[in-house]
Amino acid sequence: MSTTAKILLTLLSLIYPLLWYYGRSQGWFYALAGLMMALWLGRAYLQSDRIQKCISLLVAAFFALTLLFRRPDSMYWYPVWVSGLMLFVFTLSLTQKQSAIERIARLQHPDLPPEGVVYTRRVTQIWCVFFLLNGSLAALLVLVEAYRLWALYTGIISYVLMGILLGGEYLYRKFVLKL
């Protein structure tokens, strides 16, 4: 996938909740759903990793079905899908030799010591809990039709929480564990 397309998909995914919330009454349904579907299909096509390809195809299929059945209300479920898929990937990695966070850590530290492996597995478990709670709250907000809160939570608050989790883990690792 070209760098431009990756950046566009990342930016659109980040601002998606706000785009959808404020654009839904402007008739942005077909344009936004179609664009997201096309970007995820492009990502799937250019992905070499089988799991990443499947995830990209699943997300593209979500948008395709939303368009096919003309269900704008389904657009609220995208952040729930993303959290669910991230939960699946991170949980699945816990059954593998290397957890998701260990794979990321090994990019900088190929010779990760045994205590680092244990630590990264624990951090992967923490992210699993985060994705479970994040997706559950997003789903609850959709189910109770609290769309303004949904936009605020999925478009801003959840990113702040992710930043706090990332930053907190980094500070803990650097100043407490001194790794």
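Basis for what follows: all heavy atoms, side chains included, without hydrogens, waters or symmetry-related copies. Please read all numbers here as calculations on a predicted model, not as lab measurements.
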Practice item. Begin with the C-alpha distance, continue with both residues' side-chain angles, and end with the deciding distance and a verdict on side-chain contact (heavy atoms from CB on, under 4.5 Å) for Phe90 and Ile126. Key: CA-CA 10 Å; Phe90 275 58; Ile126 291 168; over 6 Å; no
With a 6.0 Å cut-off (strictly less than), is the heavy-atom count around OH of Tyr45, excluding the residue itself, greater than 12?
no
Is the number of heavy atoms from other residues, nucleotides or ligands within 6.0 Å of CZ (Phe88) greater than 12?
no
query = Do the rings of Phe63 and Tyr78 sit parallel, tilted or perpendicular, given the 30° and 60° boundaries?
reply = tilted
Note: Asn134 and Ser158 closest approach over all heavy atoms is OD1-CB, 3.2 Å
Practice item. Give a yes or no on whether Leu19 and Leu14 share a hydrophobic cluster (residues Ile, Leu, Val, Met, Phe, Trp, Tyr; joining criterion: side-chain heavy atoms under 4.5 Å apart). Key: yes
In this structure, OG1 of Thr124 is separated from CD1 of Ile101 (nearest 0.5 Å) by 4.5 Å
Q. Do side-chain atoms of Arg103 reach the backbone of Gln98 as a donor and acceptor pair under 3.5 angstrom?
A. yes
Query raised in the report: Same hydrophobic cluster for Leu143 and Ile157, using side-chain heavy-atom links shorter than 4.5 Å among ILVMFWY?
Result: yes
Heavy-atom closest pair (Phe62 atom, Ser74 atom, distance to 0.1 Å) is CZ-O, 3.1 Å
task: Step by step, work out the side-chain contact (heavy atoms from CB on, under 4.5 Å) result for Ser48 and Lys53.
output: CA-CA 7 Å; Ser48 57; Lys53 185 180 287 273; over 6 Å; no
* Asked: Do Leu18 and Leu152 come within less than 4.5 Å of each other through their side chains, counting heavy atoms only?
  -> no
### Message
Do Val89 and Leu85 make a side-chain contact, defined as non-hydrogen atoms from C-beta onward lying under 4.5 Å apart?
### Response
no
d(Leu133 CG, Leu87 CG) to nearest 0.5 Å is 10.0 Å
In terms of heavy-atom contacts, Leu41 and Leu57 come closest through CD2-CD2, 4.1 Å
*Got Met86 and Phe130 here, is their nearest side-chain heavy-atom distance under 4.5 Å?*
no
ask   = Does Val82 share a hydrophobic cluster with Ile7, counting links as ILVMFWY side-chain heavy atoms below 4.5 Å and allowing steps through other members?
value = no
Here the pair of heavy atoms bringing Ala60 nearest to Met37 is O-CG, 3.5 Å
Practice task
Check whether any side-chain heavy atom of Phe175 lies under 4.5 Å from a side-chain heavy atom of Tyr170, and answer yes or no.
Solution key: no
Answer whether the closest heavy-atom distance between the side chains of Ile55 and Trp81 falls below 4.5 Å. no
The reported gap from OG1 in Thr91 to CG in Leu132 (rounded to nearest 0.5 angstrom) is 8.5 Å
For Arg106 and Leu112, the nearest pair of non-hydrogen atoms, with its separation, is NH1-N, 3.4 Å
Could you tell me whether Gln96 atom CD has more than 12 heavy atoms of other residues or ligands within 6.0 Å of it? yes
Taken to the nearest 0.5 Å, the spacing of Leu140 CG from Trp150 CH2 works out to 14.0 Å
Is the backbone of Tyr21 close enough, under 3.5 Å, to the side chain of Tyr76 for a donor and an acceptor to pair up by distance? no
**Any side-chain heavy-atom pair of Leu92 and Ile51 under 4.5 Å** = yes
Here the gap from Trp127 atom CH2 to Leu165 atom CG, rounded to the nearest 0.5 Å, amounts to 4.0 Å
Under 4.5 Å between any side-chain heavy atoms of Arg43 and Gln52, yes or no?
yes
Open item on the list: Check for me, please, whether Leu94 and Tyr119 land in the same ILVMFWY cluster - side-chain distances under 4.5 Å, paths through other members count.
Closed with: no
Taking every heavy atom of Ser56 against every heavy atom of Gln47, the minimum-distance pair comes out as OG-CG, 4.5 Å
Q) Shared ILVMFWY cluster between Trp20 and Val144, side chains joined below 4.5 angstrom? A) yes
>> Is there a side-chain contact between Gln125 and Ser99 in this structure, where contact means two heavy atoms from C-beta onward sitting under 4.5 Å apart?
In response: no
Rounding to 0.5 Å, atoms CG (Leu8) and OG1 (Thr4) come to a distance of 8.5 Å
Would you say Thr120's side chain and Val117's backbone share a donor-acceptor pair under 3.5 angstrom?
yes
